Each structure stands twice: as structure tokens, then as C-alpha cells.
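Structure record follows, encoded as C-alpha cells.
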2 protein chains.
Amino acid sequence: MSTRSSGLSGLTSARQVGRLAPVRRASTVDLIADRLREAVVDGSLPPGAALGEAELAFQLGVSRGPLREAMQRLTAEGLLVIPRRRGLAVRTMTPEDVRDIHWLRARIEPELGRRILARPLAERKTVLAELGTEVKRMQRALKKDDARALGDAYLDFHRGLAAWGGSIRLARMMATLLIETRLCTFSMYEHFEVAVDLVPEHAAFVDALAAEDAERFTALMRAHLDAEVRRLLSEPETAKEDDADRLLAETPDEPQPLDRLDLPEGI
Amino acid sequence: MSTRSSGLSGLTSARQVGRLAPVRRASTVDLIADRLREAVVDGSLPPGAALGEAELAFQLGVSRGPLREAMQRLTAEGLLVIPRRRGLAVRTMTPEDVRDIHWLRARIEPELGRRILARPLAERKTVLAELGTEVKRMQRALKKDDARALGDAYLDFHRGLAAWGGSIRLARMMATLLIETRLCTFSMYEHFEVAVDLVPEHAAFVDALAAEDAERFTALMRAHLDAEVRRLLSEPETAKEDDADRLLAETPDEPQPLDRLDLPEGI
DNA sequence: TATTGTAAGTTTGTCGACAATACGATGATC
DNA sequence: GATCATCGTATTGTCGACAAACTTACAATA
């Protein structure tokens with residue numbers, strides 16, 4: 001408060017001086033949720049992984065209370081499933097989920113090019129630079145045959161797209177969808193697989209934006225998402241079938257199609 | 001398990017007999033979350049309402065633990081905001097939120113007609129019947145000048161659309177968006193207002209579906225969403241400015257545009 | 001008179017503990 | 001030999017309590 005009223009000069013209005021970035025202390029729950037999300041993204045909590053909350057809480061150095069709160073948040077995002085009295089588990093994605101997620105992405109992402117191009121020139125330049133950086137990261141990862149790094153750059157590329165092309169709400173939604181996409185990768189393939197096409201596809205995105213060609217961007221994105229679904233579903237037979245997985249995956253004849261999502265009953 | 005293997009006859013395959021609806025006991029957290037969502041939808045927790053968690057927990061007859069977990073879930077859905085050390089509060093929607101929400105809805109809902117029409121005939125009939133019922137509810141509500149009931153029927157109509165036209169994930173997402181739409185109404189207008197156009201607009205949706213005209217449905221939905229944004233934003237000056245509201249609404253010069261959402265940092 | 005400093009009160013954030021429940025193993029019976 | 005029942009264990013779901021932090025009110029000083 002004291003800082004607020006201390007104007008540097010009589011000319012700057014008090015209002016302007018007051019424009020400070022708000023202090024943003026993340027709550028413990030935020031921290032835990034971030035950490036869990038991170039663990040899901042980088043694979044240290046693979047789909048189907050069942051971990052007791054006491055153990056998890058100990059690892060994170062917090063009590064079970066905040067951990068449970070964070071779990072609820074991730075559950076609402078669809079990343080975790082909480083079967084009653086069976087701890088927490090990372091969601092296992094099914095081929096149906098893959099189609100579903102990509103259908104949603106296909107509604108949103110193709111439009112983002114148009115919205116980015118509608119921004120002022122200075123911002124557009126920033127966006128292009130940022131996206132270009134991610135593409136370079138992807139290239140480097142590809143050379144090193146590092147599928148993990150490639151996936152990370154992929155995530156950041158699309159996150160950037162959503163952040164610049166949309167609102168906070170959209171960015172949040174896309175962030176969740178992207179993590180779910182990553183989960184699809186984990187759920188569908190036993191190991192990561194370097195998709196060679198990915199880099200040129202994304203370079204083309206940047207090109208289209210640089211050329212201010214929204215139509216081309218849209219078409220490219222549609223094609224990319226289609227290709228990704230095909231990539232993911234091309235080997236549906238190799239889906240993991242570990243014991244840990246079975247813990248939550250629906251039984252072969254899926255008796256509880258609704259229960260799996262543990263959805264908040266908002267419907 | 002025992003029930004599963006008890007076949008009634010040798011002719012019915014064990015598989016068929018086993019197809020029982022899973023027992024779905026809602027956890028306490030589910031119950032609380034539903035109750036809170038309900039309260040937000042029906043307006044008993046108006047935007048900006050600040051309620052202590054001790055008080056709330058007492059009212060709901062539960063301890064603070066589960067209540068806090070439910071709050072985290074609603075927070076992830078964007079319905080609640082949890083300013084640190086200030087209890088929970090229902091989100092106050094801004095004109096920007098209105099545009100944002102409807103932009104997202106406009107990506108999804110127009111497509112739903114096509115997806116519903118792709119379903120088998122028997123299901124299509126069910127959908128039409130259901131949607132028709134909701135339209136009748138809207139008509140009745142309009143006659144009685146009951147804006148609340150009209151809004152409820154509106155919600156159920158679109159919920160049905162999402163439930164039949166999409167996946168579980170999409171339905172869940174739409175459910176949240178619809179509740180947020182309702183919150184927009186609360187945030188924008190002092191009182192409910194009966195929108196006369198709403199009923200014919202929705203009757204037209206049903207007509208288009210009955211005629212199996214996906215294109216018309218798409219166009220109608222786009223027009224409807226456009227109109228709704230205009231309706232909501234036509235009187236941006238009459239936005240509520242109660243004291244309770246101020247508690248969370250950004251200050252006039254919005255110093256913390258990011259903080260307001262209390263987003264899970266997934267970006 | 002306005003502003004700042006102080007103190008009290010209230011609320012949240014976190015933790016530990018208890019009890020209920022589901023699961024697994026072992027033993028008994030048909 | 002297989003199936004069912006019972007017991008023990010481990011884990012969750014819930015609650016109560018403590019401590020820290022924020023807000024508000026009041027008083028003192030410039």
C-alpha cells in the first residue's frame with residue numbers, strides 16, 4: 001500500500017503509478033496441482049498408475065488434505081480418475097478418447113490462425129518468433145531422436161498458439177486438451193515414437209502465419225489433426241495392457257462407460 | 001461379482017446377463033459439488049457472493065474438508081474463484097467473458113446438428129422428442145412470464161444437444177459453458193429478462209433437425225449465439241455493481257487481468 | 001484532518017487422528 | 001478340488017484442532 005501512493009512525480013497520475021503487477025502467490029494446492037500435472041505430462045505418472053495418497057503426500061512433503069484438493073482439481077480436468085477407495089490413478093485414454101479430443105481440437109485450433117493474424121503487428125512478430133523457436137526445438141529434438149523433447153516442444157507450440165490466439169478460458173481448455181493428447185500418446189504406444197512428419201507440418205504453420213494466410217493455416221491445421229489421429233490409432237492393437245492399466249481401464253466389454261470419466265455429474 | 005455369474009438361463013450368454021448398470025454411489029465430494037453447482041445455476045449463490053466455508057459447511061452438514069475439495073473442483077471448472085484467505089466466491093462474468101464463452105460455443109454447437117443427424121433413426125426420434133419437450137417447457141415459461149423457468153429449459157435444451165451430439169467429454173465441457181452462460185446472465189442483468197425471441201429460435205432448431213437439414217441447423221445456431229451475445233451485451237452499463245460484487249470484480253482499471261480467473265497455471 | 005501504526009478478531013490453511021470400508025489371504029466345508 | 005466365508009490389514013473418507021495470516025477497527029501523531 002505504501003508503495004502505491006509514492007508517486008515519483010506530480011505529473012504521473014496516481015492512477016498510473018498504481019499500475020503494478022499484482023503479487024501472485026501460488027497457493028499450496030496450486031503448487032501440488034502443477035506438480036501432478038507435470039508428472040503426468042512427463043510420464044513419471046503413467047496412465048493407469050495407482051499411487052496411494054499417503055505415499056504421494058509424503059513424496060511431495062505435504063499433508064493429505066491439500067493433496068486431495070489438488071487431486072479433485074485434476075479430476076475435474078479429466079486427467080485423473082478417483083475410483084472410490086482405490087486411490088488416485090492417471091486416466092487411460094481409449095481410441096474413442098483420441099477421436100473425441102481431436103474432434104474438439106479441430107473445432108478450435110484451425111480458427112486460431114485467423115485470430116492471431118487479427119492482432120497488432122508487433123504482437124504478431126512476437127508470436128512468430130516464439131513459434132519459430134518451438135519449431136527449432138522440434139528440429140533439434142528430431143536430430144537427437146529425442147521423442148520426449150519433441151513432444152515437449154510440440155506441446156509448447158500449441159500452447160503458444162492457444163495463448164496468443166485466444167482468451168484465458170480458451171488457453172486453459174486447450175492446455176487440458178493438449179495434456180490429454182499427451183496422455184493419448186502414453187496410452188496408445190508402449191514407447192514414444194518419433195513422428196518425422198511433425199516438424200515440416202509445424203514449420204508450415206509458421207510459414208502460413210508469416211504469409212498472413214489464414215486459410216492455409218486452417219487447412220494445414222485440419223490436415224495435421226487428422227494425421228495425428230491416424231498416427232495414434234494406426235496401431236490400436238499395441239495398446240498397453242499392463243496389470244496396472246487394467247486397474248482402471250474398462251473391462252473388455254465396457255460395462256460402465258459413464259463411470260470411467262468420473263464426471264462431475266454436471267450433465 | 002456373484003450376481004454377474006448367476007445366469008438365468010443357459011441361452012442368455014453370460015455376457016449379456018452381466019450387463020448391469022454399474023452401482024454408482026456418488027461420493028460426498030460429488031454431492032457437495034453438485035449442490036454448489038445447483039446453487040450457482042439457480043441463483044442462490046449470485047456472482048460475487050462471498051460465503052465463509054465454515055458457514056457453508058455447516059449449512060451443507062459436512063465438514064470443511066470435503067467442502068474444500070468440492071470447491072477446488074468448481075474452481076477448475078471456472079465457476080468459483082478462491083482469492084487467498086478470502087473464502088470462496090462465485091465468479092463475476094465480464095463482457096469479455098461473454099464474448100469468449102459464446103465464441104467457444106459457436107465452435108461447437110453448430111456442429112452438433114450434423115452429429116445428431118448421423119445417429120441411427122431410433123435415437124434421432126428420441127432426441128427430437130426430448131428437445132421438443134424442452135421447447136414446450138420454454139413456451140409455458142414464456143406464457144407465465146417466468147424467466148427462471150425459461151432459463152432452466154434453455155439450459156436443458158442445450159445440454160440435451162450436447163449429450164446427444166457429442167461425447168462425454170464434450171457434454172461435460174458444454175455443461176460448464178452453459179452454466180457460465182447462466183452466470184453471464186446473472187452478472188450482466190440486474191434481473192432476469194424474458195427474451196421473447198428465444199422460443200421461436202429453439203423451435204426452429206427442432207424443425208431443422210426434423211427436416212434433417214444440418215446446414216440450416218448450423219446457420220440457425222450461429223445466428224442464435226450471435227443474438228445471445230448481443231442480448232447480453234446490449235446493456236453493458238447496467239452491470240451489477242453491488243458491494244458484494246466488488247469483492248471480486250476487477251477494479252475499474254483492471255490491474256490483474258490474469259489473476260481473476262485463478263487459473264490452474266496449466267498454461 | 002488525514003494517515004499510519006498497532007492490536008484484536010476472524011477466517012483460512014494445514015495437519016494429525018479416528019473410523020469405516022474394501023481388499024487379500026487363509027482356512028473350512030461341500 | 002473348488003468355492004465360500006471369515007478375519008486381518010491397509011487405505012481411504014471424514015472430522016476436529018491448531019496456528020498463521022489477513023482484515024478491520026481504533027488510536028496516535030504529524
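Below, read A as the first sequence line, B as the second, and so on, with proteins coming before strands; counting in each chain starts at 1. All heavy atoms count here, side chains included; hydrogens, waters and symmetry mates do not. These numbers were taken from a predicted model, which means no experiment stands behind them.
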Taking all non-hydrogen atoms of both residues, which atom of A/Leu170 and which atom of B/Asp100 are closest, and how far apart? N-OD2, 4.3 Å
To the nearest Å, give me how far apart CD1 (A/Ile32) and C1' (C/dC15) are. 12 Å
Could you tell me the separation between the CD1 atom of A/Ile82 and the P atom of D/dT11, rounded to a whole number of Å? 17 Å
Determine the minimum heavy-atom distance between B/Thr92 and B/Asp97, stating which atoms define it. O-OD2, 4.1 Å
Indicate, with a heavy-atom threshold strictly under 4.0 Å, whether B/Gly65 touches base, sugar-phosphate, or nothing. nothing
In whole Å, I'd like the distance from the CE atom of A/Met71 to the C1' atom of D/dT12. 10 Å
Donor-acceptor pair, distance only, cut-off 3.5 Å: does the side chain of B/Arg182 make one with the backbone of B/Gly151? yes
In whole angstrom, what separates B/Glu53's CD from C/dG13's C1'? 8 Å
Checking A/Glu109 now: which residues fulfil side-chain hydrogen bond (donor to acceptor under 3.5 Å, both in side chains) with it, not counting sequence neighbours? A/Arg105, A/His158
Give the rounded distance in Å between these two atoms: CG of A/Leu60 and C1' of C/dC15. 15 Å
What is the separation between atom CG on B/Leu67 and atom P on C/dT11, rounded to the nearest whole Å? 15 Å
In terms of the nearest nucleotide of DNA chain D, which residue is placed more toward the 5' end: B/Arg64 or B/Glu69? B/Glu69
OP1, OP2 of D/dG13 versus side-chain N and O of A/Arg68: anything below 4.0 Å? yes
Take atom CG of B/Leu31 and atom P of D/dG13, then tell me their distance rounded to the nearest Å. 14 Å
What is the distance, rounded to the nearest whole Å, between atom CZ of A/Phe58 and atom P of D/dT12? 16 Å
